[in-house]
Number of protein chains: 2
Amino acid sequence: MDGKETLDKARERIIETIAQNIHLYGLTPSAGRQYGTMFFHDEPMTLDDMTEELGMSKTSMSTSVRALAELKLVERAWIRGVRKDLYQVKDDWYQSFINLFSIKWRRSISLHSVAVRKSLRELEQLKNNPDISEELRTIVEMDISKLEYVRDYFEWMDRLVDAFEDHDIFDLVPLKEHGE
Amino acid sequence: MDGKETLDKARERIIETIAQNIHLYGLTPSAGRQYGTMFFHDEPMTLDDMTEELGMSKTSMSTSVRALAELKLVERAWIRGVRKDLYQVKDDWYQSFINLFSIKWRRSISLHSVAVRKSLRELEQLKNNPDISEELRTIVEMDISKLEYVRDYFEWMDRLVDAFEDHDIFDLVPLKEHGE
DNA sequence: AACTTTGTACAGTTTTTACCGTACAAACGA
DNA sequence: TCGTTTGTACGGTAAAAACTGTACAAAGTT
């Protein structure tokens, strides 16, 4: 086995591992393979480069690179004289992890918070309605306390994402000292 | 609109929100609806209960409750005299969040670490091979430093999950004081 | 202005995933 | 021991998602 072959095999192993785990970011294996390919490619790539490298249609490359960019796993690059769009991976993986929370989790937290607060308001009002049965009131009160718990949970999640974004998380889990 | 109707609507909003966000846990909306239904159901539920409540087949209920259990979002319960399997939601949502990392992320981290270390070993060996071209050696060295970065990243991720599991994360992002 | 090049919208196809019904094994009860 | 109940494996089907090719709009070039 010659050197180039060894190199490619070593790269391929990493790319395939990324492909098979990127579902944690809500992306498809194909997008993962695309990311992995770009990771080892030193210059920014065009859609045509990716088509060639991965043997997939340009349309697919376009849509999946968009998904990668939305999560800020890749970014656009500019090289003077090149007309085509260029993409490269963002090389700060710690920040990419944080971005997952900033983008996907934050949105989910917000949707939950809105829904919970709305339901809580309705149930509080229902609880104060004198016309309902004692039995129903008991159930309503239980639901209220459940939703208060959930509200607090998402409020905590919100603060957790803040702690990621503010990089406070690196106080708790420090980066490895560079070069040792 | 009578009281029961208001209650159901308030619950339905939450359930649907869970269903539409549980993809972050790698689960389907159906499993989310199942979880939400169990969340508001005070006694543990049987598969037949879920079939009735959700209008889906018992087979589906069986497979998706298994997915929920695997992530420890639900657990089995026992009530004396009841022959059927019973399930209830685990009510510590903070722990459930942590479990996602313990179970899904930890596995991914491990797979990545293994792959990266294996490729690193191969590339180190290749680098020390005197027969390769200077050009190739340069590429290999660049890949090595990329993979060392990745290795360190997953080592950090491993410590992050540790910090979740050990509940150190609550030092950084404290729980809301109970009852205020 | 006419001609190229490039990225993506869109509709159709293929592949994958979710879901269902049947059948059966394991556990229980009489 | 023989029925009954319960959960799930399995094969088939319906639904969803990924992927492709064509067609076109936007931007660049001559």
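Values below: all heavy atoms of this structure, side chains included; hydrogens, waters and symmetry mates excluded.
Of the candidate nucleotides dG7(C), dC19(C), dA9(C), dA9(C) has the atom nearest to the side chain of Arg66(A). Considering only side-chain atoms of Ser60(A), the nucleotide from dC20(C), dT20(D), dG28(D) that sits closest is dT20(D). Of the candidates dG7(D), dC28(C), dT8(C), the closest approach to any side-chain atom of Arg83(B) belongs to dC28(C). Nearest nucleotide to the Thr28(A) side chain, out of dC20(C), dA18(D), dT8(D): dA18(D). Nearest nucleotide to the side chain of Lys84(A), out of dT6(C), dT6(D), dC20(C): dT6(C).
Between the CD atom of Gln34(B) and the C1' atom of dC19(C) there is a distance of 13 Å, given to the nearest Å. Per the geometry, CG belonging to Leu47(B) stands 16 Å off P belonging to dT5(D), to the nearest Å. Taking atom CE on Met56(A) and atom P on dA18(D), their separation rounds to 11 Å, with Å as the unit. Atom NZ of Lys58(A) and atom P of dA9(C) are 14 Å apart (whole Å). Straight-line distance from the CG atom of Leu68(A) to the P atom of dG7(C): 16 Å, rounded to whole Å. Protein atom CE of Met61(B) is 12 Å distant from nucleotide atom P of dG21(C), rounded to whole Å. If you take CG of Asp85(B) and P of dA26(C), they are 16 Å apart, rounded to a whole angstrom. Here dT8(D) presents its P atom at 8 Å from CZ of Arg76(B), a figure rounded to the nearest Å.
Aromatic rings of Trp105(A) and Phe97(B) (six-membered ring for Trp) have centroids within the 6.0 Å cut-off, being under it.
Contact annotation: the side chain of Leu71(B) approaches that of Lys104(B) to within less than 4.5 Å [non-hydrogen atoms, C-beta and beyond].
Electrostatic pairing of Glu12(B) and Lys9(B) does not count as a salt bridge here, judged by no charged N lying under 4.0 Å from a carboxylate O.
Residue contacts shown for Thr59(B) include a base, since a base heavy atom lies under 4.0 Å away. Ser30(B) comes within 4.0 angstrom of sugar-phosphate atoms only, judged by non-hydrogen atoms across all strands, and of no base.
When each of Arg76(B), Met61(B), Met45(B) is paired with Tyr87(B), the side chain to side chain contact (heavy atoms under 4.5 Å, CB included) condition holds for Arg76(B) and for no other.
Ring geometry, Tyr94(A) versus Phe170(A): the interplanar angle exceeds 60°, so the pair is classed perpendicular (tilted spans 30 to 60°).
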